[in-house]
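Below is one structure, written out as structure tokens; the observations come after it.
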Amino acid sequence: MWPNQKISHFLINKNKSLLVIFILSLFLFIPMSYHNVYQINNNIVYAEETVIPILTYHNFTKDEGSSYSINIIEFEKQMNYLATHNYSVISLSELLKGLKNGQLPPKPVVITIDDGFKSTFTLAYPVLKKYNFPATLFIYTDFIERNSNSLTWGEIKEMTENNLEIGSHTLSHCNLLQYKENENYENYLARIKKEIFLSKEILEIKIGGKVKFFAYPYGVYSPTIINLVIQADYEGILNANIMNNTLNADPFSLNRQIIFGNNSFNSFIQILNQQPLHTSKIFPDDGIIESDQFIKIGAILEDNNYDVKTLSMKLGGAKVGFTFNPENNEISFTSSKPLIKKSYIINISALDKNSNYLRKKSWLINIK
Ligand SMILES: [Zn+2]
């Protein structure tokens, strides 16, 4: 859709032909520019932000889907939707390059598949090949060749030769914030260093190429862990914060959307169209370790592009009662009971003011 009304207004002009040429050239140019797509809603023309959903899958099945296992027909339906609706499925490497030079193809989407299930090769890979879609597999090395449900190194190697990248998902898929019983700080640090550094080395030897990306098991991280991953020379880090990325995304903090096997097709469309909910402040900060079990959690919302009446806040997937102050647009939640000591993905969402799609802000806090 294009802003035709506005254009026709300008056409009543003496320099008509020149203007027509000018406007036509704009029309030729706008669809090729990578930044904004202009849409009309209720006669208001507004710039819609470029969003980059990074989709995450785990297991694939011929049976009915469940949370972490998607039916392969459903997966193919989703891939077909991307192909027929002009999405540009790009690799994480292409995304990284695009973020550096500020240019991405129209409607960019990234596909990632976690853990290293056999079905990645037997079910998903043929579909990805059919559509010529790149994807990144996040492998935890201990799982490979463990049993009949896991990938083999041969299968991984074959996929890397056909458009698929490999990233590290640690050695053992451990929660990187958790200490083992009777473990002191020194031993803990040595152990998680190994999870981050050695998994990269093993993968690089096995595939004979560079491993550039790291994804946290369970989406759990802290500033110390982020620094270790950067020290290990990874170029991009993926979390599990439930929102789409924008052109100014930090390569060391890329958000991912898990596609659950028991969600509706409509929720897939919702994710592709989800916009960011802008904030000028979040509290506490992303990824920090907090000891106060009654800590006030929230954000100061920016812009006027969300429907206040539809605001919702979740902590670790559970809806919480929040307060909203319209004076300064602060949304916050303070628990009346001590919060259980664990990591929480915080999720604030509201409907976009001009569409039926959600706007979301999501980050992580660790209560320890
Ligand atoms: Zn995983």
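Predicted model only: the values in this text are computed from it and were never measured. Starting from 1, each residue takes its place in the sequence as its number.
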#### Entry: Closest contact, heavy atoms only, G219 versus A240
CA-CB, 3.7 Å
#### Entry: From CA spacing to verdict: side chain to side chain contact (heavy atoms under 4.5 Å, CB included), I348, K360
CA-CA 6 Å; I348 299 173; K360 271 196 187 184; over 6 Å; no
### Message
Would you compute the distance between atom CD1 of I237 and atom CG of L254 and round it to the nearest 0.5 angstrom?
### Response
8.5 Å
### Query
Under 6.0 Å between ring centres, would you say that holds for H173 and Y218?
yes
### Task
Without swapping roles, check the side chain of Q257 against the backbone of F268 for a donor-acceptor pair under 3.5 Å.
no
### Task
Please check if atom CD in E161 has more than 12 non-hydrogen atoms from other residues, nucleotides or ligands closer than 6.0 Å.
yes
#### Entry: Contact summary for A232 and I196, nearest pair of heavy atoms
CB-CG2, 3.9 Å
### Message
If we count only N and O atoms by modelled type, under 3.5 Å, do the side chains of S343 and N366 hold a donor and an acceptor together?
### Response
yes
### Task
For N147, look at atom CG and say whether over 12 heavy atoms of other residues, nucleotides or ligands are found less than 6.0 Å away.
yes
### Query
If you measure from the Lys or Arg side-chain nitrogens to the Asp or Glu carboxylate oxygens, is any gap between K281 and E330 under 4.0 Å?
no
### Query
Okay, side chain of S264, backbone of S267: is any donor-acceptor separation there less than 3.5 Å?
yes
#### Entry: More than 12 heavy atoms of other groups within 6.0 Å of K157 NZ
yes
### Any donor-acceptor pair under 3.5 Å from N184 side chain to N187 backbone
yes
### Message
Under a 3.5 Å threshold, yes or no: a donor from one side chain and an acceptor from the other, between Q293 and S335?
### Response
no
### Query
CD1 of I230: more than 12 outside heavy atoms within 6.0 angstrom?
yes
### Query
If Ile, Leu, Val, Met, Phe, Trp and Tyr residues are connected whenever their side-chain heavy atoms lie under 4.5 Å apart, and connections chain through other members, are I202 and I139 in the same group?
yes
### Summary
Taken to the nearest 0.5 Å, the spacing of I259 CD1 from I113 CD1 works out to 12.0 Å
### Message
Between K212 and S93, is the side-chain hydrogen bond (donor to acceptor under 3.5 Å, both in side chains) condition met? List the steps.
### Response
CA-CA 8 Å; K212 294 188 266 187; S93 291; 2.7 Å; yes
### Task
Look up atom CD1 in I192 and atom CD in Q178, then write down how far apart they are to the nearest 0.5 Å.
12.0 Å
### Task
Please list, chain by chain and in numerical order, all residues satisfying side-chain hydrogen bond (donor to acceptor under 3.5 Å, both in side chains) with K193, sequence neighbours excluded.
none
### Task
Say whether, by atom type as modelled, one donor and one acceptor occur between the side chain of R256 and the main chain of N239 under 3.5 angstrom.
yes
### K368 atom NZ, neighbour heavy-atom count above 12 within 6.0 Å
yes
### Message
Quick check on K118: does its NZ atom have over 12 non-hydrogen neighbours (other residues, nucleotides or ligands) under 6.0 Å away?
### Response
yes
### From K200 atom NZ to F214 atom CZ, the distance as rounded to the nearest 0.5 Å
11.5 Å
### same_hphob_cluster(I269, V89) at 4.5 Å side-chain heavy-atom cutoff
yes
### Query
Can you name the closest pair of heavy atoms from L171 and Y140 and give their distance?
O-CD1, 3.6 Å
### Task
To the nearest 0.5 Å, tell me how far T56 OG1 sits from I111 CD1.
10.5 Å
### Task
Compute both the distance and the angle, then confirm whether K296 meets the cation-pi test with F294: under 6.0 Å from the six-membered ring centre, within 45 degrees of the axis.
no
### Message
Using a 3.5 Å distance criterion without hydrogens, assess whether the side chain of S355 forms a donor-acceptor pair with backbone atoms of D352.
### Response
no
### Message
For Y306, does the six-membered ring have the charged nitrogen or CZ of K353 within the cation-pi criterion, i.e. under 6.0 angstrom from the centroid and within 45° of the normal?
### Response
no
### Task
Using the side chain to side chain contact (heavy atoms under 4.5 Å, CB included) rule, take T61 and I70 through it: C-alpha gap first, then chi angles, then the decisive distance, then the call.
CA-CA 6 Å; T61 177; I70 188 169; over 6 Å; no
If you look only at distance, which donor and acceptor atoms sit under 3.5 Å apart when one is on a side chain in residues 312-319 and the other is two or more places apart or in another chain?
none

### Task
List the steps and the verdict of salt bridge (charged side-chain N to carboxylate O under 4.0 Å, His left out) for E235 and K210.
CA-CA 10 Å; E235 294 171 32; K210 199 163 184 249; 3.0 Å; yes
### Task
Determine yes or no for a side-chain-to-main-chain donor-acceptor pair under 3.5 angstrom, with S199 supplying the side chain and S168 the backbone.
no
### Message
Can you tell me how the ring of Y221 sits relative to the ring of Y216, calling it parallel under 30°, perpendicular over 60° and tilted otherwise?
### Response
parallel
### Query
With a 6.0 Å cut-off on ring centres, are F213 and Y234 close enough?
no
### Message
Pairing donors with acceptors under 3.5 angstrom, does anything connect the side chains of E49 and H278?
### Response
yes
### Query
Hey, quick one: are L177 and I345 part of the same hydrophobic cluster, counting side-chain heavy atoms closer than 4.5 Å, chains of contacts allowed?
yes
#### Entry: Identified side-chain contact (heavy atoms from CB on, under 4.5 Å) counterpart of I54 within the set N255, L95, V109
L95
### Query
Going through the distances and angles, do N227 and T224 end up as a side chain to side chain contact (heavy atoms under 4.5 Å, CB included)?
CA-CA 5 Å; N227 283 334; T224 307; 5.9 Å; no
### Task
Quick one: closest heavy-atom pair of S91 and V110, and the distance?
O-CG2, 4.4 Å
### Message
Would the distance check show the side chain of E204 and the main-chain N or O of V211 forming a donor-acceptor pair, the cut-off being under 3.5 Å?
### Response
yes
### Task
Measure from the side-chain N and O atoms of T279 to the backbone N and O of I282, and report whether any donor-acceptor pair falls under 3.5 Å.
no
### Query
Can any side-chain N or O of T136 pair as donor or acceptor with the backbone N or O of E165 at less than 3.5 Å?
no
### Summary
What one should report as the nearest heavy-atom pair of N356 and L351 is O-CD2, 3.5 Å
### Query
Do F333 and F322 have ring centres separated by under 6.0 Å?
no
### Query
For the side-chain contact (heavy atoms from CB on, under 4.5 Å) test, which of S253, S362, S222 pairs with D286?
S253
Donor-acceptor contacts, no H, no angles, side chain residues 77-85, under 3.5 Å, sequence neighbours left out:
from : atom 1 : to   : atom 2 : distance (Å)
Q78  : OE1    : Y57  : OH     : 2.6
N80  : OD1    : Y131 : OH     : 3.3
T84  : OG1    : N80  : O      : 2.8
T84  : OG1    : Y81  : O      : 3.4
H85  : ND1    : Y81  : O      : 2.9

### Task
For a ring-ring contact (aromatic ring centres under 6.0 Å, His included) with F60, tell me which candidate from F75, F121, F117 qualifies.
F75
### Message
To the nearest 0.5 Å, what is the distance between CD on E290 and CD1 on I297?
### Response
9.0 Å
### Task
Answer with yes or no whether the side chains of S332 and T323 bring together a donor and an acceptor at under 3.5 Å.
yes
### Task
Please tell me if the side chains of N245 and L99 come closer than 4.5 Å, counting only heavy atoms from C-beta onward.
no
### Task
Using distance alone, with no hydrogens and no angle criterion, decide if Y125 and N162 have a side-chain donor and acceptor under 3.5 Å apart.
yes
#### Entry: Short side-chain to backbone donor-acceptor contact, S69 and S66, under 3.5 Å
no
### Closest non-hydrogen atom pair, I288 against P223
CA-CD, 4.3 Å
